[in-house]
Amino acid sequence: MRKSKTDKEEQQQKSQAKEEEKEENKWKWWEEEHYEDGVKWRFLEHKGPLFAPEYEPLTDNVRFHYNGQPMKLSANAEEVATFFGKMLDHEYTTNAIFRANFFTDWREVMTSAERKLITNLNKCDFQEIHTYFTEKTEAKRVQSKEVKQDLKMEQEAIAQEYGYCTMDGHRERIANYKIEPPGLFRGRGSHPKMGKLKNRIQPEDVIINCSRDSKIPVPPTGHNWKEVRFDNKVTWLASWTENVQGAMKYIMLNPSSKLKGEKDWQKFEIARRLKGCVDDIRAKYSADLKSREMKSRQRAVALYFIDKLALRAGNEKEEGETADTVGCCSLRVEHIKLHNKLNGQACVVEFDFLGKDSIRYYNKVLVKKQVFKNLKHFMQNKDPSDDVFDRLNTHNLNKHLQELMEGLTAKVFRTYNASITLQHQLEQLTDSEGSEAEKLLSYNRANRAVAVLCNHQRTAPKSFDQSMKKIQAKIEAKKEQIDLTKSELKSAKMYHKVKKDKKSKLVVEKKKKMVQKLEEQLTKLEVQATDREENKQIALGTSKLNYLDPRITVAWCKKYDVPIEKVYNKTQREKFAWAIDMTEEDFVF
DNA sequence: AAACAGACTTGGAATAATTTTG
DNA sequence: CAAAATTATTCCAAGTCTGTTT
């Protein structure tokens, strides 16, 4: 027993050392030249994607019931039934659209006999299926450490085989080497297609992309690829078309790869170029607010919103195919209220619309008089469902931006404003005298300001209130402890005054130190509580990962002596390896 | 110029792994 | 030590934007 434990520890140490060693000779692609425009790689070799495991039919003791009667379903119908059964405690399964779409698609995979019998979803009982899968998950959860370890090793072996490719002489990690398993489509918001069946993808659906002179991936036995192509102007390794929306899906590299990293770096460089000319662009669109041409005036107002409020461009979407969401260019009259006066402020625009992922954007904004005037004009004599910017779309907006600065599109404003906000906030909020915890709070607050700007929201964790109470209780307990220790210190001092010996002095010192330590712990807790409370409905992840130039963060860490691990976890450090390696303390976005 | 296809980034939720707590 | 809480990772949907076709 004991021996095996030390073995394990040794093993762990070894693998850790190995990882560190790997760290040493990591490829610094950012120190190399990059390719001519359009060429993404010279050599690409990979194993092809990993397909979802085959369906395992249910044993006879797990029964589906129709109209109270147990019923054995055909393999196909049963598989789709399990998709629904697994989700039984999810709100989706009570949604009328979800149910209707599911039922239609389910009936299509049924045998004609089944289809004839099963005509009403309300008469279907998936409870046993649900229980079966819940128990299965639970059984998996409680299995022994050894079994879990073995399973993990197996997964790791598969990842080693399928999860990497060779690109131009380097082993690069693949982000999603697994083909998406079949299941029920879960759209966000009120999506007209939610509940539809997402088909199982076969090799015959998959296009492989690699080098002509590489080892071409071998399709699973008895199967063929849809196509094998050798296109080095694209970054994907495999692709297929998904049946619910008809959208293409791709297998691509991990964010830590050169291909992704270089693009990411370039994105921030474009945003920095915008910084150089944003004043001119602002002057231009401010002037355009008064243009004779309607189109220019609409474009100017839209740009004003995109810049000031970090709204998304807002492409037009096919009606009825997706949830009804909008961005700037697709705003409708019903999404905007104009207030000549609101709470003592003149010219207030009230936004209320569903944006990407059906996240609500609600904001009351004080705007320039001319913007207000224009909006009033644009919205005159229109129905609520009419477009505010009827002469504008993302295409001609971006075309205009392209003329103002090479590479400029609407989304660059989001990147620019996000990053510059972080930089300013960090300057403003960080106290170089503060503790590490306080500095981190400042960082999170700066990050939060960006998330608020970009409207990155999350549903509050369901145990949020409880967890808040808990941390408050901890704080109270700590305070009590401090009071107690303080009074102990006081009496120790008194005792020392009388005794005046070494031993009693030592006690005083000890108590002093203890009070200090406890007070540090207290502030740390308080800071933690504040941070958590402020973060209740804010999602920091997206801005951190996609909008904030990592060099700002790295420079801040260096300047204030905060270890990078405190702000970036392992994945984030891998993604931003280029920034961590190249950034000095004096970097300015 | 509008519609469509394609490729790539961005997004929150779900799930898994890890850490803390009782 | 197990359960609960927290954090990291995975998942895959939903955007942006470009290029091509009609």
Side-chain angles (χ1 to χ4, degrees), chain A residues 38 40 86-87 90-92 137 140-142 145 148 151-152 155 159 163 175-181 183 185-189 191 193-194 198 207 209 231 233-236 239 241-242 244-255 259-260 263-264 267 306 312-318 321-323 325-330 354-359 393-399 401-402 407-412 414-415 418 451 454-459 461-464 466-467 470-471 474 528 532 537-547 568-575:
Chain A
K40 304 293 166 66
K86 279 177 191 170
M87 294 178 72
H90 199 291
E91 213 180 294
Y92 272 122
T137 313
K140 210 173 149 194
R141 201 177 61 83
V142 300
K145 246 184 186 158
K148 276 183 182 167
L151 242 52
K152 202 177 166 184
Q155 287 308 304
N176 57 326
Y177 60 90
K178 291 175 184 162
I179 295 248
E180 291 173 19
F185 177 78
R186 297 150 94 119
R188 323 259 169 100
H191 194 117
K193 297 198 174 179
M194 63 164 76
K198 245 175 65 165
I207 303 171
N209 191 36
D231 183 356
K233 301 287 179 73
V234 296
T235 66
W236 51 268
S239 75
T241 303
E242 162 269 351
V244 175
Q245 315 235 57
M248 309 207 59
K249 298 269 185 169
Y250 301 93
I251 289 191
M252 290 187 188
L253 297 191
N254 189 269
L259 220 52
K260 294 289 185 188
K263 196 79 189 296
D264 210 36
K267 172 182 74 186
I306 284 170
R312 296 186 186 83
N315 283 313
E316 50 270 63
K317 310 167 66 180
E318 219 175 328
E321 296 291 299
T322 59
T325 63
V326 297
C328 186
C329 293
S330 50
L354 297 182
K356 182 176 179 182
D357 291 312
S358 293
I359 301 290
N393 60 41
T394 56
H395 214 88
N396 55 43
L397 174 70
N398 279 334
K399 224 164 125 188
L401 290 174
Q402 201 67 237
L408 186 61
T409 60
K411 82 197 261 288
V412 179
R414 248 167 105 81
T415 310
C454 294
N455 199 229
H456 291 144
Q457 295 183 284
R458 62 165 183 175
T459 47
K462 58 180 185 297
S463 58
F464 185 86
Q466 193 187 322
S467 123
K470 223 170 181 175
I471 196 164
K474 262 186 178 175
Q528 212 183 344
R532 192 173 300 182
Q537 301 196 65
I538 312 279
L540 298 184
T542 297
S543 51
K544 201 171 186 176
L545 228 51
N546 300 298
Y547 288 104
Y568 285 152
N569 65 32
K570 184 165 147 281
T571 317
Q572 293 164 163
R573 290 198 301 277
E574 280 169 3
K575 170 167 179 171

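Within every chain, numbering begins at 1; the chains are lettered A, B, ... in the order of the sequence lines, protein sequences first and strands thereafter. Everything numeric in this text was worked out from a predicted model, so none of it was measured.
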* Asked: With a 4.0 Å cut-off on heavy atoms, is A/T322 in touch with a base, just the backbone sugar-phosphate, or nothing at all?
  -> nothing
* Short side-chain N/O contact from A/H90 to OP1 or OP2 of B/dA14, under 4.0 Å -> yes
* Residues which pass side chain to side chain donor-acceptor pair (under 3.5 Å) with A/K544, listed by chain and number, not counting sequence neighbours -> none
* Asked: Under the salt bridge (Lys or Arg N to Asp or Glu O under 4.0 Å) test, which residues partner A/K575, sequence neighbours left out?
  -> none
Can you give me the N/O atom pairs linking the protein to nucleotides 15-22 of chain B at distances under 3.5 Å, or say none if there are none?
from: B/dT21; atom 1: OP1; to: A/K474; atom 2: NZ; distance (Å): 2.6

* Using the test side chain to side chain contact (heavy atoms under 4.5 Å, CB included), find all partners of A/K317 that sit at least two apart in sequence or belong to another chain. => A/T322, A/T325
* Structure fact -> Contacts of A/T542 meeting side chain to side chain contact (heavy atoms under 4.5 Å, CB included) (sequence neighbours excluded), chain-then-number -> A/H456, A/N546, A/Y547
* To do: To the nearest 10°, let me know how far the axis at one end of the helix from B/dA1-C/dT22 to B/dG22-C/dC1 is tilted from the axis at the other, five pairs an end.
  => 10°
* To do: State which residues pass side chain to side chain donor-acceptor pair (under 3.5 Å) with A/K260; sequence neighbours excluded, sorted by chain then number.
  => none
* To do: Can you sort out the partners of A/T409 under side chain to side chain contact (heavy atoms under 4.5 Å, CB included), two or more places apart, ordered by chain and number?
  => A/N398, A/Q402, A/K411, A/V412
* OP1 or OP2 of B/dT9 under 4.0 Å from side-chain N/O of A/K267 -> no
* Look at all strands and tell whether A/E574 reaches a base, only sugar-phosphate, or nothing, counting heavy atoms closer than 4.0 Å. => nothing
* With A/E316, which residues qualify under salt bridge (Lys or Arg N to Asp or Glu O under 4.0 Å), at least two apart? -> none
* Asked: Between B/dG11, B/dA13, B/dG12, which nucleotide gets closest to the side-chain atoms of A/Y547?
  -> B/dG11
* Structure fact -> Assert: residue with more 5' nearest nucleotide on DNA chain C, out of A/N569 and A/R532, is A/R532
* Structure fact -> By side chain to side chain contact (heavy atoms under 4.5 Å, CB included), A/N315 pairs with (sequence neighbours left out) A/T394
* Structure fact -> Sorted by position of nearest nucleotide on DNA chain C, 5' first, the leading residue of A/G189 and A/A410 is A/G189
* Asked: What is the distance, rounded to the nearest whole Å, between atom CG of A/L540 and atom C1' of B/dT10?
  -> 16 Å
* Which part of the nucleic acid, if any, lies within reach of A/T394 when heavy atoms closer than 4.0 Å are counted: base, sugar-phosphate only, or nothing? -> nothing
* Using only heavy-atom distances, decide whether a donor-acceptor pair under 3.5 angstrom links the side-chain of A/K356 to the base of B/dT10. => yes
* Rounded to the Å, how far apart are A/N254 CG and B/dT10 P? -> 15 Å
* Asked: Just how far, in rounded Å, is P of B/dC8 from CH2 of A/W236?
  -> 9 Å
* Asked: Looking at A/T459, does any N or O in its side chain come under 4.0 Å of the phosphate oxygens OP1/OP2 on B/dG12?
  -> no
* To do: Whole angstrom is fine here: how far is it from CG in A/L354 over to P in B/dG11?
  => 16 Å
* Asked: For A/K198, which residues count as a salt bridge (Lys or Arg N to Asp or Glu O under 4.0 Å) partner, sequence neighbours excluded?
  -> A/E180
* **Sugar-phosphate, base or nothing in reach of A/P181, heavy atoms under 4.0 Å** => sugar-phosphate
* Asked: Backbone N or O of A/F185 within a donor-acceptor pair of the A/K193 side chain at under 3.5 Å?
  -> no
* Asked: So where does chain A start and stop touching DNA chain C, 5' to 3', when the test is distance under 4.0 Å to a non-hydrogen atom?
  -> C/dA5 to C/dT18
* Whole-Å distance separating the NE2 atom of A/H456 from the P atom of B/dG12 -> 5 Å
* Report which part of the nucleic acid A/I359 touches: base, sugar-phosphate, or nothing (heavy-atom distance under 4.0 Å, all strands). => sugar-phosphate
